[in-house]
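One structure is given below, encoded as structure tokens.
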Protein chains: 2
Amino acid sequence: MNSDRISGSKSKRDWVAESLRARIGDGSYAEGARLPTEEVLAEEFEISRNTVRDAMKVLQNEGLVVIRHGSGTYVRNNQPIVHLATSVHGYVDSERFQRGYAPHMRAAGYDQIVETVEIALDTASGARAVRLGIDPELPIAQRQVVKRICDRFVEGQLWQRQVSHFPATIAMNTELSIPQHIERGTREVLRELGYERTWSYDLVSARMPSPQERQSFGTPPGLPLIVQDRIAYSGEQPISDIQTVMPADRHQLLYAEGEVDERVLVLGSDVTLIER
Amino acid sequence: MNSDRISGSKSKRDWVAESLRARIGDGSYAEGARLPTEEVLAEEFEISRNTVRDAMKVLQNEGLVVIRHGSGTYVRNNQPIVHLATSVHGYVDSERFQRGYAPHMRAAGYDQIVETVEIALDTASGARAVRLGIDPELPIAQRQVVKRICDRFVEGQLWQRQVSHFPATIAMNTELSIPQHIERGTREVLRELGYERTWSYDLVSARMPSPQERQSFGTPPGLPLIVQDRIAYSGEQPISDIQTVMPADRHQLLYAEGEVDERVLVLGSDVTLIER
DNA sequence: AAGTGGTCTAGACCACGGG
DNA sequence: CCGTGGTCTAGACCACTTC
């Protein structure tokens with residue numbers, strides 16, 4: 001049944017992982033199907049259950065399987081949920097989620113799109129201070145920023161988190177420092193305050209979540225987060241740093257040169273443009 | 001010494017991981033320093049070595065420590081090598097690395113920038129076929145693509161890998177299907193072939209590397225890859241899908257609305273623009 | 001209640017690196 | 001060489017889901 005392990009060539013763990021990987025690849029274990037139990041596999045491969053578990057962890061970290069406590073180990077469904085897109089010519093406003101994203105998600109059959117807003121006063125330091133045009137060496141009192149945390153829930157689960165930072169000199173004692181949804185968006189509020197956005201850039205990176213983040217997002221181990229930082233300017237003055245954190249299995253970013261047109265529709269119907 | 005574990009509140013593994021995390025956080029274990037051996041920690045926490053190892057794996061997956069076989073476990077150095085940027089208005093050509101990136105890396109003190117080129121004939125399927133405007137249902141013979149694999153090495157280590165796909169109808173039997181560096185870039189070759197780029201978009205995602213990729217890149221466990229796909233068009237005809245895969249600890253993508261100017265220099269001196 | 005994965009142990013032995 | 005982490009085992013018991 002099993003191609004015998006060439007003794008010494010690799011560890012049992014890797015041998016088992018490779019065997020299972022092959023079975024998943026050729027469809028022996030179909031998508032979504034439950035794998036044999038650890039005990040059964042241990043017998044089949046004539047190794048201890050602990051070693052089977054090690055192999056399972058390898059597969060889990062590759063995102064091939066999902067292990068469910070008390071239930072079994074399943075071949076991970078291909079993540080067809082790829083979507084979300086943002087145009088560099090648009091503006092990822094901290095609270096326009098409802099207008100662009102939520103309707104799309106609802107159309108896709110998801111309900112219960114909830115958005116919560118929190119406010120915190122924070123001190124900018126390091127890279128974020130620099131991006132907001134604040135000298136990180138200044139005393140704390142002069143490095144204050146208003147932090148707006150916007151959590152988007154889909155079906156009761158955290159879908160993405162957006163943390164916006166505004167220099168306190170701009171946002172303190174304005175609508176921006178009130179923990180309440182702003183229907184017209186923070187960009188408009190900034191404009192009314194005399195800081196019209198004239199330029200912006202995005203920084204995109206990826207990292208693994210902390211244990212708390214993994215719990216918040218409900219993501220399996222081995223799933224990275226995409227982090228997008230959009231820094232906006234009014235002339236030479238940085239006015240906001242909007243950070244969006246998204247699990248990589250449900251999000252993909254789209255950046256288009258010039259106008260986004262119907263050609264991107266080849267990607268499928270799941271392209272959402274936030275703000276044009 | 002240790003804050004006693006509140007029995008039952010959490011697993012020993014998490015308790016130990018948390019303790020070590022705290023020590024790393026407050027500097028008890030400095031950056032780059034070696035942690036006590038697994039055996040010593042097992043004694044200190046009065047648990048078995050296996051459980052210590054489980055805790056170590058947790059920390060490793062968070063990117064906090066690096067475990068070196070035969071040597072010890074070390075607090076991971078912060079990766080200050082963040083950089084690389086690309087402008088959406090530029091064109092990430094499959095081989096312009098030398099002109100934009102290599103000089104920058106050399107200026108930063110890195111030497112030995114090597115680029116290798118391989119060619120393969122492949123069959124497009126699934127999402128990639130769709131992006132290249134090829135019906136995935138067509139017979140294999142009509143779904144052929146020329147695949148150009150471009151590996152960039154820095155100091156003998158794989159730094160990033162670029163895999164370009166061109167429809168075979170365009171690239172077959174042209175300079176594009178010869179495994180040799182193209183100094184003027186593939187964009188120019190396409191133009192000469194009558195396919196001038198008129199539009200493009202990027203898809204950015206992140207995922208964990210496969211075991212082979214981890215080995216190629218020499219990255220530690222728990223480090224994701226950033227994947228950028230740039231799809232270029234000539235009119236309505238997709239002409240290339242250039243995929244760049246980069247470890248997330250050494251790369252960050254920069255997308256700017258309008259022209260990139262000196263304002264991004266606040267990010268530091270490590271901003272490289274590939275092709276304007 | 002039965003079944004499945006999660007935690008933990010004690011110990012043996014292997015593989016790698018330079019304390 | 002010695003010390004370090006890596007692999008593997010057999011088994012006990014716990015936690016979760018419901019096959």
Side-chain angles (χ1 to χ4, degrees), chain A residues 2 5-20 29-61 64-77 211 214-215 218 220-222, chain B residues 2 5-20 29-30 32-61 64-76 211 214-215 218 220-222:
Chain A
N2 302 316
R5 176 180 172 228
I6 299 136
S7 78
S9 69
K10 57 180 68 180
S11 65
K12 293 187 181 179
R13 178 196 58 200
D14 290 347
W15 163 57
V16 172
E18 192 174 294
S19 303
L20 297 178
Y29 297 152
E31 201 168 284
R34 207 191 74 180
L35 267 59
T37 69
E38 298 176 345
E39 200 175 1
V40 169
L41 288 171
E43 279 167 24
E44 186 198 338
F45 289 98
E46 298 178 310
I47 57 176
S48 79
R49 185 182 150 222
N50 278 335
T51 303
V52 172
R53 284 179 58 69
D54 283 347
M56 293 301 209
K57 284 174 196 159
V58 169
L59 298 178
Q60 178 175 247
N61 282 329
L64 278 176
V65 303
V66 177
I67 305 175
R68 298 206 189 105
H69 188 180
S71 169
T73 301
Y74 301 81
V75 179
R76 182 135 164 221
N77 284 315
R214 256 196 50 210
Q215 201 181 355
Chain B
N2 302 316
R5 178 181 172 227
I6 299 135
S7 78
S9 70
K10 58 179 67 182
S11 66
K12 292 186 183 180
R13 180 196 57 199
D14 290 347
W15 163 58
V16 172
E18 193 175 295
S19 303
L20 298 177
Y29 297 151
R34 207 191 74 181
L35 267 58
T37 69
E38 298 176 346
E39 200 175 2
V40 169
L41 288 171
E43 280 167 23
E44 186 198 339
F45 289 98
E46 297 179 311
I47 57 176
S48 78
R49 185 182 150 222
N50 278 335
T51 303
V52 172
R53 284 179 59 68
D54 283 347
M56 294 301 209
K57 284 174 196 160
V58 169
L59 298 179
Q60 177 175 247
N61 283 328
L64 278 176
V65 303
V66 177
I67 304 176
R68 297 206 189 105
H69 188 180
S71 169
T73 301
Y74 300 81
V75 180
R76 183 138 160 219
R214 257 196 48 212
Q215 200 181 357

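Letters A, B, ... mirror the listed sequences (proteins, then strands); counts begin at 1.
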Note: A:Ala42 and A:Ser48 closest approach over all heavy atoms is CB-C, 4.0 Å

Can you tell me the distance, in whole Å, between the CG atom of B:Leu35 and the C1' atom of D:dG3? 16 Å

What distance separates A:Met56 CE from A:Asn61 CG, expressed to the nearest 0.5 Å? 13.5 Å

In the structure I gave you, are the side-chain heavy atoms of B:Gln60 and B:Val65 within less than 4.5 Å of one another anywhere? yes

Separation of atom CG in A:Asp14 from atom C1' in D:dT7, rounded to whole Å: 10 Å

Do the side-chain N or O atoms of B:Arg53 get closer than 4.0 angstrom to the phosphate oxygens (OP1, OP2) of D:dG6? yes

State whether A:Arg34 places a side-chain N or O below 4.0 Å from either non-bridging phosphate oxygen (OP1 or OP2) of D:dC19. no

Of A:Leu35, A:Leu41, A:Thr73, the residue whose pairing with A:Val52 passes side chain to side chain contact (heavy atoms under 4.5 Å, CB included): A:Leu41

Drop me the distance from B:Lys12's NZ to B:Phe45's CZ, to the nearest 0.5 angstrom. 12.0 Å

Starting at atom CD of B:Glu38, determine the distance to atom P of C:dG17, rounded to an integer number of angstrom. 16 Å

For B:Ala17 and B:Ala55, work out which heavy atoms get closest and say how close. N-CB, 3.8 Å

A:Lys57 and B:Lys57: CA distance, side-chain angles, deciding distance, side-chain contact (heavy atoms from CB on, under 4.5 Å) verdict: CA-CA 11 Å; A:Lys57 284 174 196 159; B:Lys57 284 174 196 160; 5.5 Å; no

What distance do A:Asp54 atom CG and A:Glu38 atom CD have between them, rounded to the nearest 0.5 Å? 10.0 Å

Atom pairs, N/O to N/O, protein against nucleotides 10-13 of chain C, distance under 3.5 Å?
{"residue": "C:dA10", "atom": "N6", "partner": "B:Asn50", "partner atom": "ND2", "Å": "2.2"}
{"residue": "C:dG11", "atom": "O6", "partner": "B:Asn50", "partner atom": "ND2", "Å": "3.4"}

How far does CH2 of A:Trp15 sit from CD1 of A:Ile47, to the nearest 0.5 angstrom? 6.5 Å

For B:Lys12 and C:dG6, what is the distance between atoms NZ and C1' respectively, to the nearest whole Å? 14 Å

Between A:Arg13 and A:Val58, which heavy-atom pair has the shortest distance, and what is it? CD-CG2, 3.9 Å

Would you say B:Leu59 and B:Leu20 make side-chain contact, with heavy atoms under 4.5 Å? yes

Rounding to a whole Å, what distance do you find between A:Glu46:CD and D:dT9:P? 11 Å

Rounded to the nearest angstrom, tell me the gap between atom CH2 in A:Trp15 and atom C1' in D:dT7. 14 Å

Would you work out how much the helix from C:dA1-D:dT18 to C:dG18-D:dC1 bends between its ends, with each end axis defined by five base pairs, to 10 degrees? 20°

So, OP1 or OP2 of C:dT7: does either fall under 4.0 Å of a side-chain N or O from B:Lys10? no

Check each residue of residues 67-75 of chain B for a non-hydrogen atom within less than 4.0 Å of any atom in DNA chain C, then write out the ones that pass by number, or none. B:His69, B:Gly70, B:Ser71

Starting at atom CZ of A:Arg13, determine the distance to atom C1' of D:dG6, rounded to an integer number of angstrom. 8 Å

Check the distance between C:dG6's C1' and A:Lys57's NZ and give it to me in whole angstrom. 9 Å

